[in-house]
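In what follows, a single structure is set out as structure tokens and then discussed.
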Amino acid sequence: MEKTLLFGAAYYPEYMPYEHLDQDISMMKAAGMNVVRIAESTWSTLEPEEGVFNFSYIDRVIEKTQDADMMVIIGTPTYAVPPWLIKEDPDILVERKTGKAQYGYRQLINLLNPTYRSHAETVIRKLVAHTSGKENVIGYQIDNETKHYGNMGSEIQQAFQKYLEKKFVTTEKFNETFGLAYWSNSIHHWDDLPDIKGCINGGFMAEFEKFQRTMAAEFLNWQAQLVRQYKREDQFITNNLGFSWKKFGADIAHDGYSYGVQPNINFYEASQCLTLAASDIYHPTQDNLTGAETAFGGDVTRSLKDSNYLVMECQAQAFKYWTPYPGQLRLHAYGHLASGAKGILYWNWHSIHCGYETYWKGLLSHDLGPNPTYRDACTIGEEWNKMSPKLCGLKKSNKIAIVVDNHSLTAFEWFPIDKELSYNDVLRWMYDSLYEINVECDVVDINALEPAKYQMIITPALYCISEDMLKRLDDFVKGGGVLISSFKSFIADEHVRVYADTQPHLLQKCFGISCNQYTDPGKTRIKGRQVQYIAELLIPDEAESMADYEHKYWGIYSGITRHSYGKGCAYYIGCYTEKDVLKDLYKAALSDASVPAPELTWPVTVRSGVNQEGALLHYILHYSEDNRTISCPYEDVTDILTGKTYKKGEPISLKDWDVLILEENKL
Amino acid sequence: MEKTLLFGAAYYPEYMPYEHLDQDISMMKAAGMNVVRIAESTWSTLEPEEGVFNFSYIDRVIEKTQDADMMVIIGTPTYAVPPWLIKEDPDILVERKTGKAQYGYRQLINLLNPTYRSHAETVIRKLVAHTSGKENVIGYQIDNETKHYGNMGSEIQQAFQKYLEKKFVTTEKFNETFGLAYWSNSIHHWDDLPDIKGCINGGFMAEFEKFQRTMAAEFLNWQAQLVRQYKREDQFITNNLGFSWKKFGADIAHDGYSYGVQPNINFYEASQCLTLAASDIYHPTQDNLTGAETAFGGDVTRSLKDSNYLVMECQAQAFKYWTPYPGQLRLHAYGHLASGAKGILYWNWHSIHCGYETYWKGLLSHDLGPNPTYRDACTIGEEWNKMSPKLCGLKKSNKIAIVVDNHSLTAFEWFPIDKELSYNDVLRWMYDSLYEINVECDVVDINALEPAKYQMIITPALYCISEDMLKRLDDFVKGGGVLISSFKSFIADEHVRVYADTQPHLLQKCFGISCNQYTDPGKTRIKGRQVQYIAELLIPDEAESMADYEHKYWGIYSGITRHSYGKGCAYYIGCYTEKDVLKDLYKAALSDASVPAPELTWPVTVRSGVNQEGALLHYILHYSEDNRTISCPYEDVTDILTGKTYKKGEPISLKDWDVLILEENKL
Amino acid sequence: MEKTLLFGAAYYPEYMPYEHLDQDISMMKAAGMNVVRIAESTWSTLEPEEGVFNFSYIDRVIEKTQDADMMVIIGTPTYAVPPWLIKEDPDILVERKTGKAQYGYRQLINLLNPTYRSHAETVIRKLVAHTSGKENVIGYQIDNETKHYGNMGSEIQQAFQKYLEKKFVTTEKFNETFGLAYWSNSIHHWDDLPDIKGCINGGFMAEFEKFQRTMAAEFLNWQAQLVRQYKREDQFITNNLGFSWKKFGADIAHDGYSYGVQPNINFYEASQCLTLAASDIYHPTQDNLTGAETAFGGDVTRSLKDSNYLVMECQAQAFKYWTPYPGQLRLHAYGHLASGAKGILYWNWHSIHCGYETYWKGLLSHDLGPNPTYRDACTIGEEWNKMSPKLCGLKKSNKIAIVVDNHSLTAFEWFPIDKELSYNDVLRWMYDSLYEINVECDVVDINALEPAKYQMIITPALYCISEDMLKRLDDFVKGGGVLISSFKSFIADEHVRVYADTQPHLLQKCFGISCNQYTDPGKTRIKGRQVQYIAELLIPDEAESMADYEHKYWGIYSGITRHSYGKGCAYYIGCYTEKDVLKDLYKAALSDASVPAPELTWPVTVRSGVNQEGALLHYILHYSEDNRTISCPYEDVTDILTGKTYKKGEPISLKDWDVLILEENKL
């Protein structure tokens with residue numbers, strides 16, 4: 001039984017302008033912090049020249065934190081390579097579609113390069129051997145935000161060719177699978193396979209990108225195997241998985257935020273070798289703080305191991321538009337716990353005085369003294385030190401799964417509906433609509449989906465899908481499940497070949513609809529709201545049309561359908577429109593699935609779970625700058641934070657950016 | 001005398017996911033189709049390895065279509081090269097300003113590469129020899145949408161240097177012609193000619209781009225010579241000429257539409273070796289269907305041979321924003337006939353299940369069954385099978401020519417007026433204004449212009465022009481013609497040197513104006529409308545000012561002038577503004593030219609011609625979603641499609657997207 | 001004592017389409033012109049093949065102008081290289097981050113290339129030796145708009161490495177200074193220094209960019225040394241310094257205008273070897289003519305040598321949106337004199353008929369005859385010929401300095417506040433606000449600043465600053481000066497390391513404030529105006545808050561502060577907002593500094609100085625299309641241009657774009 005929430009920061013004493021270790025630890029302790037993450041990007045410090053190792057700063061941090069009764073997570077330093085290594089073998093720099101990377105930035109490595117692997121192995125072995133015996137080292141983060149880095153060099157191309165030969169055996173089968181006769185791209189000898197950099201066949205490229213992701217996951221597995229040879233039983237292995245970002249612009253002044261499925265590594269595949277799931281979660285703040293990213297990132301990461309996870313990085317002050325309003329840092333922190341986090345680490349402890357991320361500000365500003373944000377962290381630490389046992393190990397057993405799929409994401413990039421609408425936009429549209437009505441879900445990789453676990457399955461733009469999985473979904477509905485699918489689901493097979501029959505393939509009976517045309521919406525509306533990006537022209541053969549399009553010509557088609565099938569029910573939404581329309585659909589579907597929906601809705605967010613003591617906790621998170629009074633929806637609850645007790649229907653006052661944790665009192 | 005309109009589609013049985021040939025032919029026959037185009041991008045299928053040929057799928061299509069009484073057009077497969085050929089000689093990939101092309105996409109060939117030429121010759125000879133004897137093969141399309149592909153490699157540069165040496169003899173003459181002393185670019189030895197990739201001299205680059213276009217035309221001529229050695233007398237040679245597109249974005253989700261003069265090949269030059277002109281014409285649909293692209297593309301293509309032409313590709317469903325409303329597919333088809341087309345082929349028969357153009361949808365959706373668009377095609381086929389003899393061979397004898405010029409287009413790119421205004425924008429502004437008042441014209445390349453054929457000549461931004469042609473235009477007006485010229489006409493000579501006297505060069509007397517300054521319009525208006533992009537400050541020395549600028553300082557200048565000169569009249573419009581202003585100018589000029597203008601105006605489009613029986617036909621094309629009643633403008637006509645007869649002044653009801661073909665009854 | 005204002009144009013007879021020299025000189029004389037600048041980009045004309053020189057066209061210009069009593073400025077032709085030189089050594093082409101430049105454009109030279117240097121030396125020596133004895137050659141312009149051209153090739157990298165080794169001695173010191181441990185960029189051996197092209201360390205890159213600027217300045221110094229070996233004592237050495245431009249787009253159709261500090265050369269450093277400062281100044285015209293660029297460019301250039309300067313290039317007609325309204329050309333010309341110019345030369349005399357800058361129109365249009373703009377120039381020439389002695393040698397002794405710093409500019413690019421806000425935007429915001437209230441200033445490079453000369457110092461975004469300079473600023477205020485600093489001043493040291501204490505570093509006492517957080521403004525307002533881009537959260541420890549932020553959470557912080565310190569006073573503005581707010585701050589500060597502020601404000605611009613006769617002149621420049629009457633603010637003045645006399649309070653009528661030069665009559 002865990003008793004302590006992890007609360008800390010990424011810590012880079014080697015970046016400090018002057019000796020500050022003792023003051024740092026003292027300030028961390030004052031803030032109630034108990035853990036630091038170190039070493040993950042410091043290869044040139046650990047091994048300043050080939051074969052010469054210097055772990056002194058690591059030793060000092062471990063020793064001082066041990067003295068302070070704090071814990072340490074050690075990162076392997078492999079995602080940023082030292083200059084001497086590039087000099088030894090320039091081919092370590094990844095070759096991308098646009099050419100060879102230039103040294104400087106991190107994450108520009110050809111992960112298949114043998115020189116790189118050899119030196120990485122050495123530094124990993126040395127580092128883990130050196131530290132695994134230290135009492136307060138609780139685990140290892142292997143690499144950081146690992147991705148395939150767009151690797152298109154000769155090594156991966158050769159490996160890919162071998163993979164294809166093995167998979168397809170004959171070039172005829174290969175040509176046919178991806179339709180390579182198109183524009184004369186077919187080959188007769190395997191060695192005629194052209195350099196992939198110019199390839200314009202979306203299906204084939206999706207296969208290659210899947211292969212790239214697998215290479216990145218394999219690299220993590222290789223690191224994990226090395227670490228396992230040295231680490232203690234009680235030490236975990238994790239990575240800091242990085243989501244795809246919603247980008248605003250090209251530069252560091254406006255960098256975006258954690259948004260959706262990462263195209264360049266598959267989280268589920270990558271996390272097989274890990275013993276603890278962890279990710280970094282960044283989100284809009286100030287007037288744009290909604291909690292959606294905290295919830296989404298948490299639901300994804302928790303679902304990887306169906307267990308509590310670590311928020312390895314989250315924002316302190318970061319960018320100018322994220323400087324938190326009073327109370328927001330605390331709200332962030334509880335938002336993570338409400339999703340099932342076992343703790344959080346800020347990125348980073350102190351703002352750095354040089355280099356690329358100088359203004360990705362840490363908990364401390366550049367003056368290294370206390371500031372309003374640090375003081376908010378102290379409040380969190382104080383509360384957590386009191387309440388950790390109650391807050392640790394929150395468990396959920398969600399009845400709803402949203403299915404995600406890297407392969408469909410890639411296909412969506414090659415076969416876009418609209419340049420303004422990405423796969424992740426569809427995913428987040430469906431996720432956020434659910435979030436805003438306070439219905440919790442797991443976010444599950446298609447390869448990990450076990451339909452039987454759920455009463456409702458949601459598929460946002462599940463474009464590519466094997467016939468086997470289609471049959472499992474059909475069975476799910478037949479057996480009593482509720483399936484909700486968006487436009488562009490079930491279009492193509494696992495090689496991104498569009499199925500050559502009426503859509504939705506194999507599920508026409510299940511949904512009771514058929515479709516063979518779609519259109520840009522133009523002026524089309526549905527339920528009075530503007531349709532955007534796409535309108536599939538649905539024919540509700542057996543289904544009930546929940547809404548027809550409102551348009552002179554398309555009005556004869558349905559845009560949203562519902563069909564009772566077997567013991568279950570299947571909903572299809574053929575268009576993108578305002579979230580309110582989707583929420584209405586969800587409410588009907590939840591009723592079909594016998595999943596209750598709370599009365600409260602965003603900006604009052606409710607997230608629930610059972611703690612280690614078996615108590616049911618409801619986090620009430622108030623994402624608003626206004627004060628508000630709600631009516632207690634629970635029979636008899638006590639707010640853990642204040643000790644106040646509320647009966648059903650009693651008023652609960654919420655301040656701006658407020659948090660309550662209501663524990664259900666056993667009657 | 002032709003009896004049959006061609007009606008069919010590009011057909012790729014080799015892309016089908018399963019054997020579907022019999023069903024396809026059966027569905028085509030049911031739609032009244034009679035022709036397919038095959039083979040134009042399938043080199044890797046026809047010659048899977050070097051020297052090994054397999055024409056079996058072609059044989060099957062020819063045989064099955066023969067059995068079904070259908071015709072076949074064979075395309076040479078040279079615009080997309082197989083991987084084995086690139087492996088044999090990587091220099092086949094074109095070298096552009098931005099570097100060497102990467103294999104994958106079509107149309108990335110260095111057309112001067114000898115390896116490519118040698119293998120292309122072989123496959124052309126084999127293919128034509130193999131098929132020319134087949135009864136139902138009616139003609140050959142050589143290559144496809146041929147262009148110069150930005151070729152800047154060493155072969156074309158050497159050829160260009162030789163061309164320059166021959167043309168200019170001395171480097172002094174060469175330097176002087178293009179003003180190369182500027183920024184120290186002049187040379188003293190021919191071999192010092194720098195790599196053209198970095199060249200910033202617009203005149204010299206325009207000469208090079210002209211040379212690139214000539215190389216592309218020469219390549220077609222070379223193919224035509226090969227085909228002629230095998231083909232039957234009755235088989236035609238054509239190409240599928242591709243217009244410049246109006247582009248919306250970079251990706252396949254929003255690809256634009258056929259818009260104007262193609263910068264990368266000269267249609268007139270390229271069509272010298274053809275016996276039949278053909279092009280592809282794509283256009284906005286749904287709420288944005290205006291018919292303008294259909295008319296423009298048709299007028300350009302018909303003017304190439306002054307004869308009926310083939311629409312080798314036109315859209316079926318294509319992109320999401322082109323899914324046709326009921327009736328629109330039929331309206332498209334008649335729009336092409338109204339311009340003088342001898343038939344149309346959809347691109348393409350069936351939507352492809354893999355590859356780059358998966359969502360450039362064909363007549364059939366991916367389900368390969370009937371759909372609303374296919375059913376509209378059946379209506380067309382049914383009507384055409386009944387009425388082909390009356391609709392074939394429509395002839396026009398237009399009295400108006402709009403002059404187009406690739407060289408001016410290139411010069412306009414190097415010396416832009418405004419980043420928002422291209423040469424093609426000016427051309428389409430002048431063309432569309434004429435189209436919207438239902439005045440028909442030829443669109444004639446400057447090199448093909450015979451002024452004596454016309455009563456009115458329009459020059460949109462005819463920036464570069466030789467003194468010889470200027471004299472011919474002067475003679476045209478003197479002799480009674482009406483000349484209408486826009487801003488930026490007659491500025492520079494054939495080497496893009498600005499004429500060193502007052503504009504318009506050599507035509508000051510003809511237009512009765514002079515001009516040596518121009519300005520951004522700012523707040524300037526003319527006839528109450530906002531002037532955009534440019535206002536040439538015209539001094540109407542002898543001319544009548546039809547409109548002065550409305551502006552505190554520029555109000556002393558004229559913006560539109562009219563001048564009677566000899567027996568004719570010359571109009572000049574020195575600014576870009578709303579089309580209404582231009583239409584008013586046209587109406588005055590039509591009166592001067594004694595060319596009648598119809599009363600009807602867009603969205604009721606009228607296009608006329610004489611059919612093979614000598615009957616005068618008026619196509620009434622209704623580009624509107626509304627119903628409308630017009631008054632019959634003709635003495636006594638019969639609608640071929642319905643048999644209804646109308647006398648002058650009688651009401652004619654038009655439904656949304658309606659078509660009537662009114663035959664004038666001989667009195 | 002100078003008697004003659006320079007008035008002329010850049011003149012390129014070698015670009016003329018036909019022999020026009022006599023007519024040109026005759027037209028120049030008619031316009032009252034007295035100087036031409038020649039030869040600065042004509043290397044391929046002067047040395048058509050290696051070692052063969054031809055100065056004949058230069059000789060003819062010198063001879064004809066001598067006969068016409070005109071002067072000549074000779075430019076060395078080194079900024080555009082002939083093709084034969086590139087053929088001899090392709091490495092002359094500069095290697096940039098994006099790769100090697102392609103020959104064609106000017107200014108693409110690796111200035112460190114020895115082949116280039118050797119040939120440049122020869123042509124300079126020949127040219128200067130050949131012309132220095134000519135009576136009417138008054139000076140030399142070495143190179144043109146010299147910059148470092150993004151040089152990142154091996155030569156400059158090696159030189160930079162040597163510079164680093166010398167400066168830092170040990171790699172440890174080097175790593176520490178720039179924080180290279182970050183992302184594993186630190187080195188242990190100097191030779192491991194990676195290729196700089198991929199570097200992402202802003203501080204290190206700022207050091208490199210400073211080095212690049214020094215290399216460019218060193219190149220000018222090398223040229224000056226060569227010229228000095230031949231030139232006469234009375235002949236000046238100058239360059240045509242080019243400002244950073246405000247760019248609108250990528251192409252020649254919309255090219256922007258002179259705007260701010262040039263990132264790619266340091267004007268102060270570069271002008272050390274010059275005997276006369278000169279620059280080119282281009283600015284919006286027509287409705288957007290404000291005079292701000294004329295004033296700013298003049299204040300910068302005059303401050304370089306604290307003396308009269310030459311406007312080596314200014315616009316005649318130039319682009320379509322600069323075609324001057326009647327009177328504007330004259331207003332431009334007097335605007336330059338009002339800043340202390342000793343004359344102006346148009347770029348260029350005649351519009352060029354070929355090449356890249358065909359539509360960067362000169363005083364003559366392509367017709368080479370008179371036009372309205374030329375006629376306006378004739379007015380200027382006539383007036384200047386009458387009044388030159390009174391207008392020459394205007395001196396100023398400004399009490400205010402605005403401090404500029406290339407290094408801070410570079411740092412601002414690497415560490416941007418906002419993608420919409422550049423260093424130059426902040427500079428121009430502070431400069432223009434002062435300009436609009438008619439308070440004149442010097443614009444002084446940080447390296448040239450002598451605080452004691454001034455009563456008020458303004459620092460726009462002086463991001464990087466040494467502790468030594470900080471102490472000098474502190475002393476300045478203590479001693480009675482007024483300091484006005486914007487947000488993002490005094491943040492980092494001279495290696496762009498953020499100071500590790502509370503901001504503003506070392507000046508907390510001086511300003512009486514402290515700050516360790518800042519934010520995006522969001523909805524924040526100040527004095528009722530919207531705050532943009534940044535709001536530093538100022539704590540006015542000892543200072544008076546002149547304005548607090550208006551915002552629910554940030555309202556507890558100040559945005560503008562004032563603090564009396566020693567005998568002086570320090571103002572800090574922590575946010576960007578409308579200029580009116582800044583003008584109010586200025587008015588208070590001017591009062592503190594005992595610097596009077598005129599009553600008149602823009603669009604009536606006042607610029608004053610003392611002429612060679614000791615008379616105080618006030619230029620009244622009317623930047624408006626309206627007529628206006630002002631009240632004479634001076635006791636007793638005479639308008640030099642009209643002879644009219646005004647007493648204090650008497651009405652003065654201003655026409656649109658009017659100019660008066662009021663001489664104070666000695667009482």
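Each chain gets a letter, A, B and so on, in the order the sequences are listed, and its residues count up from 1. Computed from a prediction, not measured in an experiment: that's the story for all the values here.
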By a 4.5 Å heavy-atom criterion (distance strictly below it), what part of [X] contacts chain A: side chain, backbone, both, or neither?
{"X": "B:S351", "value": "neither"}
{"X": "B:N371", "value": "both"}
{"X": "B:P370", "value": "backbone"}
{"X": "B:Y15", "value": "side chain"}
{"X": "B:E40", "value": "neither"}
{"X": "B:Y12", "value": "neither"}

Could you tell me which of [options] has the largest number of non-hydrogen atom pairs under 4.5 Å with chain A?
{"options": "B:Q107, B:E14, B:M16, B:Q286", "answer": "B:Q286"}
{"options": "B:V81, B:I352, B:I86, B:T45", "answer": "B:V81"}
{"options": "B:R106, B:K87, B:H366, B:K361", "answer": "B:R106"}

Checklist outcome for this item: One should read off an interatomic distance between B:Y103 OH and A:C199 SG, to the nearest 0.5 angstrom, of 9.5 Å

Checklist entry - So what's closer than 4.5 Å to chain B heavy atoms on A:H189: side chain, backbone, both or neither? => result side chain

Checklist entry - Should the heavy atoms of other residues, nucleotides or ligands under 6.0 Å from CD of A:E542 be counted, would the total exceed 12? => result no

Checklist entry - Any residues in residues 92-102 of chain B near chain A, with a heavy-atom distance under 4.5 Å, and which are they? => result B:Q102

Would you say the side-chain atoms of [X] pair up with the backbone N or O of [Y], donor to acceptor, closer than 3.5 Å?
{"X": "A:K552", "Y": "B:E625", "value": "yes"}
{"X": "B:K320", "Y": "A:Y533", "value": "yes"}
{"X": "B:T323", "Y": "A:Y518", "value": "yes"}

Checklist entry - Quick check, are the ring centers of B:Y325 and A:W554 under 6.0 angstrom apart? => result yes

Chain B: which of [options] shares the most heavy-atom pairs with it under 4.5 Å?
{"options": "A:D191, A:I534, A:I187", "answer": "A:D191"}
{"options": "A:N185, A:L180, A:N201, A:L537", "answer": "A:N185"}
{"options": "A:I196, A:D192, A:I491", "answer": "A:D192"}

Checklist outcome for this item: Taking a cut-off of under 4.5 angstrom between non-hydrogen atoms, the residues of residues 170-179 of chain A near chain B are A:T177, A:F178, A:G179

Checklist entry - How about residues 492-502 of chain A versus chain B: which residues have heavy atoms under 4.5 Å apart? => result A:V496, A:R497, A:V498, A:Y499, A:A500, A:D501, A:T502

Item to check | Axial cation check for B:Y359 ring with A:K488, 6.0 Å and 45° limits | outcome: yes

Item to check | Side chains of B:S365 and A:Q517, donor plus acceptor under 3.5 Å | outcome: no

Checklist entry - Are side-chain N/O atoms of A:N516 and B:D367 paired as donor and acceptor at under 3.5 Å? => result yes

Next on the checklist: Could you go through A:Y182 and B:Y356, starting from their C-alpha distance and side-chain angles, then the distance that decides it, and tell me whether this counts as ring pair (Phe, Tyr, Trp, His ring centres under 6.0 Å)?
Outcome noted: CA-CA 8 Å; A:Y182 177 78; B:Y356 196 72; 7.6 Å; no

Checklist entry - Tell me, do A:W183 and B:E357 make a side-chain contact under 4.5 Å, heavy atoms counted? => result yes

Next on the checklist: Counting C-beta onward and ignoring hydrogens, is there a side-chain heavy-atom pair between B:P82 and A:S184 closer than 4.5 Å?
Outcome noted: yes

Item to check | Set of residues satisfying side-chain contact (heavy atoms from CB on, under 4.5 Å) with respect to A:K210, sequence neighbours excluded | outcome: A:Y163, A:K167, A:E207, A:R213, A:H407

